[in-house]
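Reviewing the structure listed below.
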Amino acid sequence: MADHYKSPSPIISSSKIAIIGAGVSGIAVAKQLCHHNPVVFEASDSIGGVWKSCVYDSTKLQSARKGYEFSCFPWPNRDDPSFPSHVEILEYLESYAKHFDVLKFIQFNSKVVELRFAGCPETIDELAGNAEDYWSRPLLGQPAWEIAVQTNNSNNLKWYAFEFVVICIGKYGDIPKIPNFPNNKGPEIFEGKVLHTFDYCKLNKDAASQLLQGKKVVVVGYRKSAIDLALECAQANQGAEGQPCTMVVRTPHWTIPHYGVWGLPFHLLYSTRSSQFLHERPDQTMLGILLRYLLSPMRRGISKFIESYLLWKLPLKKYGLKPDHPFVEDYASCQMAIVPEDFFPQADKGNIVFKRASSWWFWKDGIEFDDNTKIKADVVILATGYDGKKKLKTILPEPFRSLIEYPSGMMPLYRGTIHPWVPNMAFIGYVESAGNLHASELRSMWLAGLVDGKLKLPSAENMAEQIWREMEVMRRGSRFYKKHCISAFSINHSDEICKDMGWKCWRKSSWFSEAFSPYGSQDYCQDSAQPGLPKQGCAESTWSLEGYKTAPA
């Protein structure tokens, strides 16, 4: 930690629980833990997280409204088939926060710069040896973490003490992921302008248009942010003076134009209990394994069925963007992206061009590739993602920092929430699925039961074994295994959480709906006042006193 941040400050004990981040996950956790009067530290001046800080003018949600909503709090126009804009999403999140009186817990412009653990062990071995003791005792009772907070960019820090900390800073934003380049072939030799999408997001509409208009622009990447950016670039370069935007694509992934495939809703093929029965999941019985093996032709057939539609609907072969892997691998690794309606029409007009390359580097006038070809450029924008783990490592002390990616390179989280060797701390928003908001909210409900002592964790060793089994399923499901993606077994994952909380796993009204109707967040609404909204500002506990047990490993 930098010396200019250090200044003597008394420890403030204002609450038992701290929540770091007021994005989607942060406000969901604050709502579930509001009976503890948590303190939420938010570095910016508003809620929303990436929906506030990492969006373009054209950014829209990739799923339908009803696929991205809190349980017991549906969108007012949830059947609108259009994808909501980032402005609409922020309005929805603000409405949720106001309805449940979450805003009163949030300290805005409060950036967490350091955490200290009381009695912090000096080595990983010492920490592992004490892990059972940490998780077997009540989570609340005595201060466990001290948090240094920088307010309004002040050089003075305030230190707070908390008994439990929930990290909700997410995997995106703040720290761009920059590619590594050979010596003397990085951005320093390029005579044009280089920026990351993180920098582009900070520009207003006029500044963004001025940056792109009439310029030779190269966008590196082929994920959702790169696709949206290339479209904005093409739209800013209409007319005789316009320049085409070049997209540098290393590995093409399957893109979809909407959630309909040959007349069938996409979610019927992957988000029903019967469809997920075709995929491997942790702790599958021998009968389940046998049936999955016998039905494997159907699993491959569904993937081919979707691929045939995408190759018919989109000019992927024409532009050399047909992936070399099956669609199901992108689904299992959360890699697929919605392509805007006007994207390929702009490519047909020559306003977007594509360059496949496994490696590239800078030269003074642009980009050079491993096939010895070059492209001149005025602006290069890196749509290469974010390093959320690095952001987390900057505030965590050792030895916890070294455990964030141990042992697989992916953050090991039991029930997508608890790290077995990081005591009195939870992580929400680090698991991806077809519905990230739903995943965060359901884990927030589970966490509330854990903090309140209504369920107990298994041993650290058993938690680690369960995490490892999930990782192995994800590893076998896709060659793009890089992150905690549970899309292929998300319903089973939710079932395990429901079992822990004493809820019914089957949430539908009939066996037919249970088998063939897509699952969504509203299936997990526990409010007895449905179909109306909860009347209380703070969410009342929906936990039954019966059915609680030690969460199985």
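Since we're looking at a predicted model, the values are computed, not measured.
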How about E329 and S333: does a side-chain donor come under 3.5 Å of a side-chain acceptor? no

Between R273 and D495, does at least one N-O distance fall below 4.0 Å, as a salt bridge requires? yes

Please verify the inter-ring angle class for Y309 with W312; under 30° counts as parallel, over 60° as perpendicular, anything in between as tilted. tilted

Suppose we call two aromatic rings close when their centres sit under 6.0 Å apart. Are Y259 and H267 close by that rule? yes

State whether E472 and R469 are salt-bridged, where the test is any N-O pair (Lys NZ or Arg NE/NH1/NH2 against Asp/Glu carboxylate O) under 4.0 Å. no

Parallel under 30°, tilted from 30 to 60°, perpendicular over 60°: which one fits the rings of W51 and Y68? perpendicular

Let me see the working for F105 and L33 under side chain to side chain contact (heavy atoms under 4.5 Å, CB included), right down to the final yes or no. CA-CA 11 Å; F105 303 122; L33 294 176; over 6 Å; no

Give the ring-plane orientation class for Y430 versus F427, where under 30° counts as parallel, over 60° as perpendicular and anything between as tilted. perpendicular

So CG of L290 and CD of Q284: to nearest 0.5 Å the spacing works out to 10.5 Å

Decide yes or no for R300 and P326: does some side-chain heavy atom of the first lie under 4.5 Å from some side-chain heavy atom of the second? no

Are D228 and K224 close enough for a salt bridge, meaning some N to O gap below 4.0 Å? yes

Flag the pair Y92 / F73 as yes when their ring centroid distance falls below 6.0 Å, and as no otherwise. yes

In terms of side-chain heavy atoms, does E514 have a donor or acceptor partner in Y519 at a distance below 3.5 Å? yes

Validate the cation-pi geometry between K31 and F100: distance from NZ or CZ to the six-membered ring centre under 6.0 Å, angle to the ring axis within 45°. yes

For the Cys pair C485 and C334, is the SG-SG distance shorter than 2.5 Å? yes

Please work out whether the ring planes of H325 and F480 are parallel, tilted or perpendicular, with thresholds of 30° and 60°. perpendicular

Strictly by modelled atom types, are S521 and E441 linked by a side-chain donor-acceptor pair under 3.5 Å? no

Min side-chain heavy-atom separation Q276-R281 under 4.5 Å: no

Heavy-atom side-chain contact between E496 and Q466 under 4.5 Å: no

Mutual orientation of the aromatic rings belonging to F305 and W262 [parallel < 30°, tilted 30-60°, perpendicular > 60°]: tilted

Taking R507's backbone N and O only, do any of them form a donor-acceptor pair with D523's side chain (distance below 3.5 Å, no angle check)? no

